[in-house]
Structures are given as C-alpha cells and as structure tokens.
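Structure record follows, encoded as structure tokens.
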Amino acid sequence: MPKYLGIIKIEKESMSGLEVRIITKSSSRKEEVEEWTKLYPDSESLVIECDDITLEFFECFNDISSKSMTGEEKRKAEETYRKFWNDEER
C-alpha cells in the first residue's frame, strides 16, 4: 500500500531573524494529506509518495496540533470518544 507524506514549511519573520518550522502528516490516502495541507494556506507545502524509511525520518515532525485534524479524523475521534464513555457508563 503506498504511503503519502505531506510536508509543510512555516516561516515566521521577526526582528531577531527568521524562524522556520517543518511539520508533517502521513496517510495511506493522498486526498487526506492534501486536505491537511489546506489547513496551512500561508505556508509552502509538498506531498510525496514515500517508503517506510522516509516516514521514519520525518516522524519527529508530525503535526500534533488540534488544527491538524481533518474533518474525517474529527468525526472518528468523536465516535471513539462517545463509544468510550458509553462503555464506561455500563
């Protein structure tokens, strides 16, 4: 199964210089990664097909912010949350 990696470069200028951040997101679905890149419209982005070695290399750059969740991921998280709490009430 092919894997896709989205890479975003965020630049922030200040009086002391330039701060550059790299964040990534991987998925087996290219559409999901492309949707994620749209969450950062003022940044440069790149989507590539990659192997496990490349994914491992970029793992420490994974976007873990709440902004990074696509609509589908939010729905899945809400379903899991509801299921968990319904199971706990029993």
Side-chain angles (χ1 to χ4, degrees):
M1 178 183 327
K3 303 226 181 203
Y4 296 93
L5 179 68
I7 304 170
I8 292 182
K9 179 174 78 170
I10 300 170
E11 295 180 352
K12 184 178 178 182
E13 291 186 45
S14 67
M15 293 289 287
S16 60
L18 179 67
E19 175 188 344
V20 178
R21 282 184 46 219
I22 301 293
I23 55 175
T24 65
K25 182 175 183 74
S26 61
S27 175
S28 60
R29 292 183 42 239
K30 186 175 184 180
E31 298 81 17
E32 184 177 333
V33 176
E34 289 172 337
E35 182 181 345
W36 170 77
T37 63
K38 293 175 186 173
L39 299 173
Y40 298 92
D42 297 330
S43 304
E44 291 182 55
S45 64
L46 175 67
V47 177
I48 61 171
E49 190 172 335
C50 61
D51 57 17
D52 290 337
I53 295 170
T54 307
L55 287 174
E56 185 178 331
F57 180 84
F58 282 99
E59 187 174 16
C60 63
F61 297 102
N62 281 337
D63 186 6
I64 56 171
S65 67
S66 60
K67 180 179 179 178
S68 73
M69 293 181 73
T70 62
E72 181 180 334
E73 289 172 320
K74 287 179 184 176
R75 283 190 293 279
K76 287 180 182 177
E78 288 173 2
E79 289 173 10
T80 302
Y81 176 81
R82 286 190 191 109
K83 183 177 185 225
F84 173 78
W85 282 108
N86 287 337
D87 288 346
E88 285 291 312
E89 292 174 358
R90 293 180 191 166

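Residue numbers count from 1 along this sequence.
- In this structure Asp42 satisfies the side chain to side chain contact (heavy atoms under 4.5 Å, CB included) test with no other residue, sequence neighbours excluded.
- Between atom SG of residue Cys50 and atom CD of residue Glu56 there is a gap of 12.0 Å, rounded to the nearest 0.5 Å.
- Between atom OG of residue Ser43 and atom CD1 of residue Ile7 there is a gap of 13.5 Å, rounded to the nearest 0.5 Å.
- Atom CZ in Phe58 sits 6.0 Å away from atom CD1 in Ile48 (nearest 0.5 Å).
- Rounding to the nearest 0.5 angstrom, the gap separating the CG atom in Asp52 from the CD atom in Glu59 is 11.0 Å.
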Tell me, with the steps shown, if Glu35 and Glu31 meet side-chain contact (heavy atoms from CB on, under 4.5 Å). CA-CA 6 Å; Glu35 182 181 345; Glu31 298 81 17; over 6 Å; no

Glu32 vs Lys25, test: side-chain contact (heavy atoms from CB on, under 4.5 Å). Steps then yes/no. CA-CA 9 Å; Glu32 184 177 333; Lys25 182 175 183 74; 3.9 Å; yes

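- What you find for Phe61 and Ile22 is that their closest heavy atoms are CD2-O, 3.4 Å.
- A search for side chain to side chain contact (heavy atoms under 4.5 Å, CB included) contacts involving Glu11 returns Lys9, Leu18, Val20, Glu44, not counting sequence neighbours.
- The number of heavy atoms from other shown groups lying within 6.0 Å of CD (Glu19) is above 12.
- When all heavy atoms of Lys30 and Tyr4 are compared, the closest pair comes out as N-CD1, 3.5 Å.
- With rounding to the nearest 0.5 Å, the separation of NZ in Lys76 from CD in Glu79 is 8.5 Å.
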Given Trp36 and Ile23, is the side-chain contact (heavy atoms from CB on, under 4.5 Å) satisfied, shown in steps? CA-CA 11 Å; Trp36 170 77; Ile23 55 175; 4.1 Å; yes

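- Screening Val33, Ile8, Asn62 for a side chain to side chain contact (heavy atoms under 4.5 Å, CB included) involving Thr24 leaves a single residue, Asn62.
- In this structure, the separation between CG on Asp63 and OG on Ser26 is 11.0 Å, given to the nearest 0.5 Å.
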